[in-house]
Amino acid sequence: METKTVQKQKSTSFKGIKSAGWVIVVCFVIAVCIYHFVLGNPSNFMNNDPNNHPLPGNFLGTIYKGGVIVPVIQTLLLTVIALSIERYLAIRAAYGRGSLAKFVANIKVALAANDMAKARELCDNQRGAVASVVGATLVKYAEMENNTELSKDQKQLAIQQELEEATALELPMMQENLPIIGTITTLGTLMGLLGTVIGMIRSFAALAAGGSADSMALSQGISEALINTAFGILTGALAVISYNYYTNKIDKLTFALDEVGFSIVQTFAATHK
């Protein structure tokens, strides 16, 4: 019955999106649509022609002049936002319903009183990855109490192994998609620099054309350089913030698991001969 409860907790908690590639594809489609139909809307430009200058003060038209790198960087930006939301939901589900610190403290109190029924009740109420791991460890704890064949050291080792195995199953799910966000941390900035280089090349090409500057080509090149730099920095900054935030949340969760696991093993060692 206890094992079924643990399995139910695992099946009902949100584990996140496994096919992040589709998220990127969807973000790319959205970015292209925004680029052509919102930023490139003729009403944003002089004479309703996207080939002309943007209307004075029209920010959307100015962004459009950033060139083809704009939808690429927008894709990265939208991907960071989408995966950050996805990781928030997944990690929040892993933490469970209530305060993780309070849950750990209550579990330690129940273990100190050797009240395993109370500890299991706390896991049922908390849910989430931490509660699932602790619940699976408590099931193994009960099995070892009824085991008459193994020595005390072997029982402690079995409980510790159950804790480590349950943790190893949960942690990858919490870390999923974080490497993509970490990659965009660098990639977003690099794409911004690429857009800057392309924009400057256009600017110098405009200056060299026919011995005099083509004002439209020159302004478009400078615009592309500045817009893409700004978007690249914004994307990289959001990716860094998101990656570090969720990494820190996972570290706290891992520490809580280690703390509770140590308490369970120590409780067994102190109450059994």
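What's counted below: heavy atoms across the whole structure, side chains too, no hydrogens, waters or symmetry copies.
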Could you check whether any side-chain N or O of [X] sits under 3.5 Å from a backbone N or O of [Y], counting only pairs where one atom can act as donor and the other as acceptor?
X    : Y    : value
S242 : L238 : no
T62  : N58  : yes
R127 : A131 : no
N106 : K102 : yes
K65  : N52  : yes
Y246 : L178 : no
N228 : G66  : yes
R87  : M174 : yes
N147 : E143 : no

Is there side-chain contact between [X] and [Y], with heavy atoms separated by less than 4.5 Å?
X    : Y    : value
L253 : V130 : yes
L163 : I264 : no
D49  : P42  : no
L194 : M191 : yes
C123 : L138 : yes

Worked verdict on V70 versus L39 for side-chain contact (heavy atoms from CB on, under 4.5 Å): CA-CA 10 Å; V70 170; L39 304 180; 4.2 Å; yes
Compare every heavy atom of [Y] with every heavy atom of [X], then report the nearest pair and how far apart it is.
X    : Y    : result
P54  : M46  : O-CE, 4.0 Å
R97  : N125 : CD-O, 3.3 Å
A239 : I184 : CB-C, 4.1 Å
T75  : P71  : OG1-O, 2.7 Å
T235 : G188 : CG2-CA, 4.1 Å
K140 : A158 : CG-O, 3.8 Å

[atom1]/[X] to [atom2]/[Y] distance, rounded to the nearest 0.5 angstrom?
X    : Y    : atom1 : atom2 : result
F262 : T267 : CZ    : OG1   : 9.5 Å
N44  : I63  : CG    : CD1   : 9.5 Å
Q156 : M144 : CD    : CE    : 12.0 Å
N177 : M173 : CG    : CE    : 13.0 Å
K152 : L157 : NZ    : CG    : 14.0 Å
K249 : K252 : NZ    : NZ    : 6.0 Å

Working for side-chain contact (heavy atoms from CB on, under 4.5 Å), residues E259 and K108: CA-CA 9 Å; E259 186 178 1; K108 292 176 72 174; 2.9 Å; yes
Would a hydrophobic clustering, with Ile, Leu, Val, Met, Phe, Trp and Tyr connected at side-chain separations under 4.5 Å, put [X] with [Y]?
X    : Y    : result
V32  : V80  : no
I181 : V26  : yes
V72  : L190 : no
L187 : F28  : no
I233 : V240 : no

Among side-chain atoms of S43 and N41, is any donor-acceptor pair under 3.5 angstrom? yes
Is it true that E145 and K155 have a side-chain N and a carboxylate O under 4.0 angstrom from each other?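 Between K155 and E145 there is no salt bridge, as every charged N stays at least 4.0 Å from the carboxylate O atoms.
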Going through the checks in order, is the side-chain contact (heavy atoms from CB on, under 4.5 Å) test met by T229 and L193? CA-CA 6 Å; T229 300; L193 291 175; 5.8 Å; no
Using side chain to side chain contact (heavy atoms under 4.5 Å, CB included) as the criterion, point out the one residue from L76, L77, L226 that pairs with F231. L77
When you look at V133 and E165, which way does the side-chain contact (heavy atoms from CB on, under 4.5 Å) test go after all the steps? CA-CA 9 Å; V133 172; E165 289 175 3; over 6 Å; no
Please, which pairs that meet ring-ring contact (aromatic ring centres under 6.0 Å, His included) have at least one residue in residues 54-100, sequence neighbours excluded?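 Residue pairs with at least one partner in residues 54-100: Y35-Y64, F45-Y64.
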